[in-house]
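Note sheet for the following structure.
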Amino acid sequence: MRAPHARHSRRHRLAGTLLAVALLGAGSVASAGLGLATAAPAAALDNGTALTPPMGWNSWNTFGPGINEQEVQQTIDYMSANGLVAAGYTTVTIDDGWSLMHRSGQTTDIVKDAYGSLQLYDAAGNPVSGTDGTGVDPTSGHLIPDPDNFPSQTVNGQTVNGIQYLAWYAHSKGMKFGLYATDTYTTCQGHPGSLGHEATDAADFVSWGVDFVKYDDCPYGPPITGPDGHNYGTQGEGKELTESVYARVQTFQKALDAATTAQGRSSRITLSVSAQPVHTGVPYLQDPNDPARTDPVVEAAGTPAYQAPGYAPTGVWCGQVANLCRIGGDRDSELDGVLYQGQLQTALQYRAGVRPGSWNDMDMMFAGWQDPYGLWGTTDTCTCHKPFTDTESATEISILSMMAAPLISGTDFRTAADSVQSYDGATWSTGISASALALYKNRDVIAIDQDSLAKPATLVGAAPDSATAPVVLQRQLANGDTVVALVNQDPTNSRTVSTSLSALGLTGAGYSSKELWTGATGQVTGAAGGTLSAALPPHGTALYRLTALPTTVTASVVDDGKYHALSAGGTGGLVLEVSGTCSSPLASVADVNTWWQTHTSEMWTFTSNPDGTVRISDNCDTGTQVHTVLAANTQPGDSAYLLNYSAGNPWQEWRVLQNTATGALTVTNVATGLALDTSGTAGAGSTVVTNADDAAAPGQSWTLLS
């Protein structure tokens, strides 16, 4: 739900506080919602669209209801030319205010009562309050794009209205086009809503080429006191009282699908429920056949006293009837709206409803946003209009990506020249900076948001005990990787935020890490304490992608330039040697024997060949043995022996791998694929052989002694 918005004429703070209070007021529903993790939605929307969180742009945060055709076209051009479309931001949406104040069936604007709600009438044509659920909507006809802001254009020899033109223009750039509507009699800005006109509006939207609908909820009217004496507050009028938000959204969704089928369109329209309703419904007025009353998910969550099913919280039921679901109130350009005390806590609470085709919407993004109401710090000092720093922008994008939320920006995506503003004697640009634009296009971060597993992050550890306490989130990805966000919620102080492999439930021997904003790489291992830590500026976030290190890696001894003693498992510490020591003749076999640190015949170096294989050479330098190399014979059980080096000879080439958990080496011959082995328990002087690879064979596990 959007508060009234006047561009450059009045300051406003969006209605997030009211919505947050309403959400907290639905405490028993919220608590019950936590138990829905295993509940299977009985009638979940499955329309084949929005299989990953939608990405794009919405006009509201920068333009409010004052958007026009030229500004939308400039935005489309900028997004296409500056890599945003290529990065996945493909939908451009016009918010409230695009239509005239009347439908095509009227010659004058819609009539409103003293409360700003549509005036309803009885069957005899007399005005009624509608607060008992009755009343007739007198409007008819089609929504009309405002010709002053969206003039008709000619496309391929055909005259189309301004909305049709922009949809065509977006499509010509490989983009999708979105439009705003409401499930109430009027929109939040007082334009005609779609309640009672669903079939007409849906058919028009489909024919105009609309791909995405932002569907809001703005009931106006007087406070209602029921016959039970309870003050229900403002809940709307007429059908707004008899049909739940759930039912009204479902009606429009079905109308969109029907129009899509009737017009032979191949792709269905993505439907986004914009509002987390402030109101809670009036139970005694709700139709007993309202679909929200029998939805199993709504029933399982429970509905508190004095509330009707199918209102707040949308996190319980919205995925049954729409693709995107606003789970909290409107946000402004203060980062706390997306931190734990704001939308993040709610997103964590209702993560069970997230799945391909159904996403929890955390409201439009402010990353990179510049104040359109005045020159910030000079003619406008409202904290609700404070521009996001790049640090805050990265944090907002990080949190939304961790929660698999839609990435829909309200920032001015236009050139500096196109976005010049003048107000109250000041001139400035609201266009996005190059550094903020780069944050939006970070493909590593986008990949987190768009991950096909569709599992939002969970909170690591206890909930923060204050609004400035740090937050740690982790998210599992489809390929098995884990992403960790370390968030400093403090707006004024730097802080080091840490977690550990054990706290993350990661039991592997180690993980490679990449910080997705800086690109810095490293490793997190148990040997290093298993700690993941970052020194963060105020409101800063580090975003790490952790990939389990392979169980075996190329051994660390390869190319280290040193000689090492190798002991085989099951031998009681006996080491690999040239049988008979370095005075033995060429082609002597290898055996295992007692370790003497001074015996060069028991010391080996590992050198990589040009093809990536390894030659294993002894430390002998005598008349018969001069740094000879280990070689294999052809059959399992044949002894390994020593020869002069012959480049490219596969019987002298080995692959030497190291277990990252135990440090043990396995040594496998390239020519035969057989592993160096002692054939079980072996005494001093036992010949070393090659055998079929067997992870359970103790003699194939070699340990570094030096």
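Side-chain atoms are counted along with the backbone in the values below, which use heavy atoms only and exclude waters and symmetry mates.
With rounding to the nearest 0.5 angstrom, the CG atom of D618 is 3.5 Å from the OG1 atom of T628. S267 contributes atom OG, which lies 10.5 Å from atom CG of N47 (distance to the nearest 0.5 angstrom). A distance of 7.5 Å separates OG of S533 from CG of L486, quoted to the nearest 0.5 Å. Atom CH2 of W359 sits about 11.5 Å away from atom SG of C325, to the nearest 0.5 Å. For the atom pair L665 CG and S701 OG, the distance stands at 8.0 Å (nearest 0.5 Å). Residue T622 holds its OG1 atom at 9.5 Å from NE2 of H627, rounded to the nearest 0.5 Å.
Aromatic ring orientation, H599 versus W596: parallel (interplanar angle below 30°, classes split at 30° and 60°). Ring planes of Y440 and Y89: perpendicular class, angle over 60° (limits at 30 and 60°).
Partner of T395 under the side-chain contact (heavy atoms from CB on, under 4.5 Å) criterion, out of L543, V338, L400, L339: L339 alone. A side-chain contact (heavy atoms from CB on, under 4.5 Å) with M79 holds for exactly one of T75, D77, I76; it is T75.
More than 12 heavy atoms of other residues, nucleotides or ligands shown are found within 6.0 angstrom of NZ on K386.
Listed by first and then second residue, the disulfide (SG to SG under 2.5 Å) pairs that reach into residues 532-622 are C582-C620, sequence neighbours excluded.
Judged purely by atom type and a 3.5 angstrom limit, Q652 uses its side chain to pair as donor or acceptor with the backbone of S646. Between the side chain of R355 and the backbone N or O of L51, no donor-acceptor pair lies under 3.5 Å. With hydrogens and angles ignored, the 3.5 Å screen pairs no side-chain donor or acceptor of D481 with any backbone N or O of L477. Between the side chain of T660 and the main chain of P550, a donor-acceptor pair closer than 3.5 Å is present. Listed for the Q370 side chain is no donor-acceptor partner under 3.5 Å among the backbone atoms of P387. Side-chain atoms of Q489 do not come within 3.5 Å of backbone N or O of H539 as any donor-acceptor pair. Checking side-chain atoms of Q700 against main-chain N and O of A692 turns up a donor-acceptor pair under 3.5 Å. D638 places a side-chain N or O within 3.5 Å of a backbone atom of Q635 that can act as its donor or acceptor partner. With hydrogens and angles disregarded, a donor-acceptor distance shorter than 3.5 Å links the side chain of W604 to the backbone of L576. In this structure, the side chain of N609 does not engage the main chain of G612 through any donor-acceptor pair within 3.5 Å.
Between D412 and R414 there is a salt bridge, since a side-chain N of the basic residue sits under 4.0 Å from a carboxylate O of the acidic one. The pair D444-R545 does not count as a salt bridge, with every side-chain nitrogen at least 4.0 angstrom from each carboxylate oxygen.
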*So T613 and D611, side-chain hydrogen bond (donor to acceptor under 3.5 Å, both in side chains) or not? Walk me through it.*
CA-CA 6 Å; T613 60; D611 61 358; 2.6 Å; yes
*Could you walk me through whether S409 and T411 pass the side-chain hydrogen bond (donor to acceptor under 3.5 Å, both in side chains) check?*
CA-CA 5 Å; S409 177; T411 297; 3.3 Å; yes
*Would N669 and T690 count as a side-chain hydrogen bond (donor to acceptor under 3.5 Å, both in side chains) if you check the C-alpha gap in whole Å, the side-chain angles of each, and the deciding distance to 0.1 Å?*
CA-CA 8 Å; N669 185 253; T690 53; over 6 Å; no
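For R615, the salt bridge (Lys or Arg N to Asp or Glu O under 4.0 Å) criterion is met by no residue, not counting sequence neighbours. Among residues two or more places apart in sequence or in another chain, the side-chain contact (heavy atoms from CB on, under 4.5 Å) test is passed with D490 by T468, N488, T492, N493, R495.
Q658 and S556 share a side-chain donor-acceptor pair at under 3.5 Å.
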